[in-house]
> 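Here's a structure for you.
Chain naming here is simple, since letters A, B, ... match the order of the sequence lines and numbering starts at 1 in each. Worth knowing before you read on, the calculation uses all heavy atoms, side chains too, and leaves out hydrogens, waters and symmetry mates.
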2 protein chains.
Amino acid sequence: MPNVKNNVAAQETRRKLIEAAGEVFAERGLHAATIKQITDRAGVNTAAINYHFSDKFELYAAVIRHALSLTLERRSAARTMGSHEQQLRAYVAEVIGDLYDSSLPAWRTTLLGHELAQPTAALDAVVDELIRPRARFVQSIVRGIAGSKVPEKQVLRAALSVWAQCFILVYNSELIRRLNPDVLRDSEGLVEHITEFSMAALVAMRKRYQGGRHRR
Amino acid sequence: MPNVKNNVAAQETRRKLIEAAGEVFAERGLHAATIKQITDRAGVNTAAINYHFSDKFELYAAVIRHALSLTLERRSAARTMGSHEQQLRAYVAEVIGDLYDSSLPAWRTTLLGHELAQPTAALDAVVDELIRPRARFVQSIVRGIAGSKVPEKQVLRAALSVWAQCFILVYNSELIRRLNPDVLRDSEGLVEHITEFSMAALVAMRKRYQGGRHRR
DNA sequence: TGAATAATCAAAACAGAATTTGAATAATGC
DNA sequence: GCATTATTCAAATTCTGTTTTGATTATTCA
């Protein structure tokens with residue numbers, strides 16, 4: 001167990017391990033991935049994992065934290081600005097943009113997708129820091145568009161509808177690609193579509209509840 | 001390897017194994033689940049897996065096929081009947097209803113969700129028999145609502161939007177429950193919401209393209 | 001009924017992977 | 001420069017889980 005970590009080469013080993021582990025865990029999953037596959041790809045000795053992370057699961061947890069911080073860092077500043085529609089478009093663009101951001105490693109979203117489908121102890125951090133805040137944010141945008149007359153229950157459902165469209169594209173992109181590769185090719189078109197589709201539905205919802213008791 | 005399988009007790013062993021394996025695979029995932037956990041739960045000897053399925057992965061494949069056939073069997077007959085809106089509602093009700101069907105084992109959707117997020121060789125069957133036909137079906141309903149003026153590209157995107165709302169609820173229900181347990185409590189309310197949300201968006205899309213060249 | 005075959009079982013063998021070890025090497029601080 | 005501590009390494013070890021074995025029991029059908 002290292003007490004002090006000020007060696008720059010040692011930090012590099014650690015970094016290489018996280019990067020290689022991210023790739024391998026994303027390809028194979030936590031349990032199917034082996035220490036040897038990871039250390040081979042990182043070009044380090046197997047004992048390095050125990051030395052730097054104590055065991056395989058701690059390495060996995062570090063990789064998840066890393067994926068999380070990379071994702072959180074890239075949020076654009078453009079929040080809660082402009083019209084409701086602009087807010088919605090900005091949010092959708094931020095989430096979808098994640099998928100097309102080639103400056104970040106591609107394994108991030110795959111790995112987070114695995115964790116969301118088959119949770120380990122690391123899920124808490126993912127939900128608390130990434131998923132829940134975003135779900136809340138969508139709720140606030142939806143409330144802004146739907147207006148104060150729409151009951152909270154409906155706002156929550158509508159937020160889920162908006163959120164689901166983005167979620168699928170980011171965390172099930174491989175499945176989408178398999179069903180229809182073309183749909184993922186045009187990122188801006190997708191952002192535009194999700195925004196307009198959702199706006200139309202939300203404006204209709206607002207109208208339905210407008211002016212006291214709602215119809216039907 | 002059994003050449004003849006006409007023993008009723010042996011068939012029962014096979015059935016118990018698939019049932020127990022379904023539960024354990026859904027709880028732990030293919031790789032984390034152990035033969036022993038499965039055979040203990042089924043109350044049979046470990047060698048039974050090799051005897052009946054030759055190996056762990058063949059058992060897994062049999063479980064996936066079973067989950068698939070259970071899901072396909074329960075489709076309601078009420079297809080392509082009534083107005084477009086009724087078709088859409090019927091489809092949403094069918095998919096969402098899957099989640100609330102207590103006559104079928106609860107591990108089905110969890111297991112299929114795992115397979116969709118972390119594919120194995122068994123994914124092909126799931127996509128070909130369940131996912132793709134349903135995606136196509138949604139596309140045909142969406143085309144019916146949007147009308148012939150809307151370009152195919154937009155129809156595909158809109159179908160994805162509709163499909164995503166259902167997909168998330170079924171295959172990420174644990175995540176949804178974690179974010180907001182209430183939203184899943186009212187199945188009929190959900191079906192109604194998704195139908196109305198989508199109808200409003202699709203009708204707006206139809207209008208946008210109505211009468212020759214579309215606006216903006 | 002009893003020979004042939006199917007199915008089950010406990011225990012053993014095997015395989016693959018995680019972890020530990022102890023030595024060797026590199027870096028650090030006095 | 002040297003003692004101390006950190007890091008890396010190849011090999012050994014331990015651990016965990018899958019698969020096989022060979023004996024035993026149950027079933028089938030002539």
> Between the side chains of A/Glu192 and A/Arg89, is the shortest nitrogen-to-carboxylate-oxygen separation below 4.0 Å, so that they form an ion pair?
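A salt bridge is present here (some side-chain N lies under 4.0 Å from a carboxylate O).
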
> Establish, from distance only, whether the side-chain atoms of A/Ser198 and A/Gln165 form a donor-acceptor pair under 3.5 Å.
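Side chains of A/Ser198 and A/Gln165: pair found under 3.5 Å.
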
> Measure all distances between protein nitrogen or oxygen atoms and nitrogen or oxygen atoms of nucleotides 10-17 of chain D, and list the pairs falling under 3.5 Å.
unit_1: D/dA10; atom_1: N7; unit_2: A/Asn45; atom_2: ND2; d: 3.0

> Regarding B/Thr195 and B/Glu85, do their side chains bring together a donor and an acceptor under 3.5 Å, going by distance alone?
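No.
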
> What is the distance, rounded to the nearest whole Å, between atom NE2 of A/His52 and atom P of C/dT19?
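Rounded to the whole Å, the gap is 15 Å.
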
> May I have the distance from B/Asp55 (atom CG) to D/dT18 (atom C1'), rounded to whole angstrom?
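Atom CG in B/Asp55 sits about 9 Å away from atom C1' in D/dT18.
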
> Looking at D/dC2, which nucleotide sits across from it as a Watson-Crick or G-U wobble partner, both distances under 3.5 angstrom, or is there none?
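Per the H-bond distance test, C/dG29.
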
> Can a side-chain donor-acceptor contact be found between A/His193 and B/Ser161 if the only test is distance below 3.5 angstrom?
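B/Ser161 vs A/His193: donor-acceptor pair found between side chains.
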
> Tell me the interatomic distance from A/Phe53, atom CZ, to C/dT20, atom P, rounded to whole angstroms.
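The answer, rounded to whole Å, is 16 Å.
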
> Closer than 4.0 Å, any side-chain N/O of A/His31 to the OP1 or OP2 of C/dA17?
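So the side-chain polar atoms of A/His31 never come under 4.0 Å of the phosphate oxygens OP1 or OP2 of C/dA17.
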
> Between A/Arg14 and A/Gln11, is any side-chain donor less than 3.5 angstrom from a side-chain acceptor?
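Note: A/Arg14 and A/Gln11 side chains miss the donor-acceptor criterion.
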
> For C/dT8 and B/Thr13 - does any side-chain N or O of the residue sit under 4.0 Å from the phosphate oxygens OP1/OP2?
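True: B/Thr13 side-chain N/O within range (under 4.0 Å) of C/dT8 OP1/OP2.
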
> Return the orientation label for the A/Tyr91 and A/Phe137 ring planes: parallel under 30°, perpendicular over 60°, tilted otherwise.
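Rings of A/Tyr91 and A/Phe137: tilted, as their planes differ by 30° to 60°.
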
> Write down the partner of D/dA30 under the Watson-Crick or G-U wobble criteria, each distance required to be under 3.5 Å.
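Across all strands, the one nucleotide that pairs with D/dA30 is C/dT1.
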
> List the steps and the verdict of salt bridge (Lys or Arg N to Asp or Glu O under 4.0 Å) for B/Arg134 and B/Glu94.
CA-CA 11 Å; B/Arg134 288 198 171 181; B/Glu94 177 184 320; 3.5 Å; yes

> Between A/Tyr51 (OH) and C/dA24 (C1'), how many Å, whole number?
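These atoms are roughly 14 Å apart.
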
> Between D/dT18 atom P and B/Asp40 atom CG, what is the distance in whole Å?
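The distance from CG of B/Asp40 to P of D/dT18 comes to 12 Å, rounded to the nearest Å.
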
> The side chain of B/Asn50 is closest to which nucleotide in this list: C/dA7, D/dT20, D/dT8?
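The nucleotide sitting nearest to the side chain is D/dT20.
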
> To the nearest Å, give me how far apart CD1 (A/Ile49) and P (C/dT21) are.
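Between P of C/dT21 and CD1 of A/Ile49: 18 Å.
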
> Separation of A/Glu12 atom CD from C/dA26 atom P, in whole Å?
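Taking CD of A/Glu12 and P of C/dA26, I get 17 Å after rounding.
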
> Quickly work out the A/Leu17 CG to D/dT8 C1' distance and round it to whole Å.
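A/Leu17 atom CG is separated from D/dT8 atom C1' by 12 Å.
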
